[in-house]
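Reviewing the structure listed below.
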Number of protein chains: 2
Amino acid sequence: MLHLSKKIEYGLIALRHIASEVNGCVVTAKEISDKYHISYELLAKVLQKLTREGIIISYQGVKGGYILARKPDQIKLSDVIYAIEGKSNISLMNCEAEKPEMCNIFSTCTIKYPLAKIQDIINNVFNDVTISEIV
Amino acid sequence: MLHLSKKIEYGLIALRHIASEVNGCVVTAKEISDKYHISYELLAKVLQKLTREGIIISYQGVKGGYILARKPDQIKLSDVIYAIEGKSNISLMNCEAEKPEMCNIFSTCTIKYPLAKIQDIINNVFNDVTISEIV
DNA sequence: ATAAATAGGACTAAAAAGGTCGTATATATA
DNA sequence: TATATATACGACCTTTTTAGTCCTATTTAT
Ligand code: SF4
Ligand code: SF4
């Protein structure tokens, strides 16, 4: 119910791997999927999403691969989750996640404000932790 | 991805309602499902689970219903989640949730210990918050 | 006896997550 | 310039989880 998705875990494992690589060396999706026994296609798509959000930089073609776009301590856990799953998925409640009254109980719900406080705490945790802390 | 399930939300709304009821009065599942527009059957099962775990006390038969088993400040959010969804669902990773190597990446996974630290923080949050704080 | 309540299992439907496939594009280098 | 190796990305399928329904049993105040 609070589980990080496999995509997030794969993304973090990959980022950790890329971060701990010797300077300048690109890392390919295949290398990572082989080393950690992750589905290549799935990992590839995760890395593509991280690329689109500017967390890593990709080089196409032969000798291509990925490097970090910025230092590990500049990549927040919340950035990674946002890039892979979208901002909505970091929130505890659907009414926080989706824009309006996605929840058909919204008007009578008595717990949304109390839960929002917990949400803040969780947000702070995910904003404070960076990739440098998982290397 | 971090969403609380509807069951948890329904449980919290119900507990809040029961907690704010005038002393001694039992509350029925029907009252709650009507007032907050929640599926009666689903709510009923949630309340049954809360009863089984000793969070609320049930009275059967006519004039039956539910009261809190202990004071609101003695009911932790983690108790509620545990009662409704089971202990495993409060954890960020499957390897924490399920007993052994539920995850087929476990041996090569490089992020489980870093994530365990985040897990601790999350656990503290859910252990610290009680029903009295959502009333 | 009856009506109003909880108890709880079995089942179905809907949504989310996980994973695969096919094809396009870029590029180093032989 | 042909080729092999890499990323890019959408479409699709399968599995798992969540949400919700239905039915029947039991308890108990009146
Ligand atoms: S309105 Fe209440 S029940 Fe609905 S999503 Fe928000 S917190 Fe949850
Ligand atoms: S071993 Fe790693 S990938 Fe597997 S569940 Fe644990 S943290 Fe997640």
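Numbered from 1 within each chain, the chains take letters A, B, ... in sequence-line order.
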For Ser33(B), the side chain to side chain donor-acceptor pair (under 3.5 Å) test, sequence neighbours excluded, returns none

Verify same cluster id: Met93(B), Val125(B) (apolar side-chain graph, 4.5 Å): yes

Please report, rounded to the nearest Å, how far the [atom2] atom of [N] is from the [atom1] atom of [X].
X        : N       : atom1 : atom2 : value
Leu50(A) : dC9(D)  : CG    : C1'   : 15 Å
Gln48(A) : dT25(C) : CD    : P     : 15 Å
Ile56(A) : dA6(D)  : CD1   : C1'   : 14 Å
Glu9(A)  : dG19(C) : CD    : P     : 11 Å
Lys30(B) : dT6(C)  : NZ    : C1'   : 15 Å
Glu31(B) : dA4(C)  : CD    : C1'   : 12 Å
Leu43(A) : dC9(D)  : CG    : P     : 15 Å

Sequence neighbours excluded, the answer for salt bridge (charged side-chain N to carboxylate O under 4.0 Å, His left out) partners of Arg52(A) is none

Enumerate, atom names and distances included, each donor-acceptor pair closer than 3.5 Å involving a side-chain atom of residues 127-135 of chain B, sequence neighbours excluded.
| residue | atom | partner | partner atom | Å |
| --- | --- | --- | --- | --- |
| Asn127(B) | OD1 | Ser78(B) | OG | 2.6 |
| Asn127(B) | ND2 | Asn123(B) | O | 3.1 |
| Thr130(B) | OG1 | Ser132(B) | N | 3.3 |
| Thr130(B) | OG1 | Ser132(B) | OG | 2.7 |
| Thr130(B) | OG1 | Glu133(B) | OE2 | 3.2 |
| Glu133(B) | OE2 | Thr130(B) | N | 3.1 |

The correct set of residues in residues 57-69 of chain A placing a heavy atom under 4.0 Å from DNA chain C is Gln60(A), Gly61(A), Val62(A), Lys63(A)

Just list the side-chain donor-acceptor pairs under 3.5 Å for residues 64-71 of chain B, sequence neighbours left out, or say none.
| residue | atom | partner | partner atom | Å |
| --- | --- | --- | --- | --- |
| Arg70(B) | NE | Gln74(B) | O | 2.9 |
| Arg70(B) | NH1 | Gly54(B) | O | 3.3 |
| Arg70(B) | NH2 | Asp79(B) | OD2 | 3.2 |

Query - Glu9(A) and Leu115(B): CA distance, side-chain angles, deciding distance, side-chain contact (heavy atoms from CB on, under 4.5 Å) verdict - result: CA-CA 10 Å; Glu9(A) 294 190 316; Leu115(B) 287 183; 4.3 Å; yes

Under a 4.0 Å heavy-atom criterion, the protein footprint on nucleotides 14-24 of chain D, written with B, S and -, is ----SSBBB--

Review point. Does His3(B) reach the main-chain N or O of Ser91(A) with its side chain, forming a donor-acceptor pair under 3.5 Å?
Key: yes

Query raised in the report: Any sub-3.5 Å donor-acceptor pair from Lys112(B)'s side-chain atoms to Phe106(B)'s backbone N or O?
Result: yes

Point to revise | Sugar-phosphate, base or nothing in reach of Ala29(B), heavy atoms under 4.0 Å | key: sugar-phosphate

- Mind checking whether Ile122(B) and Phe126(A) have side chains closer than 4.5 Å, heavy atoms only? yes

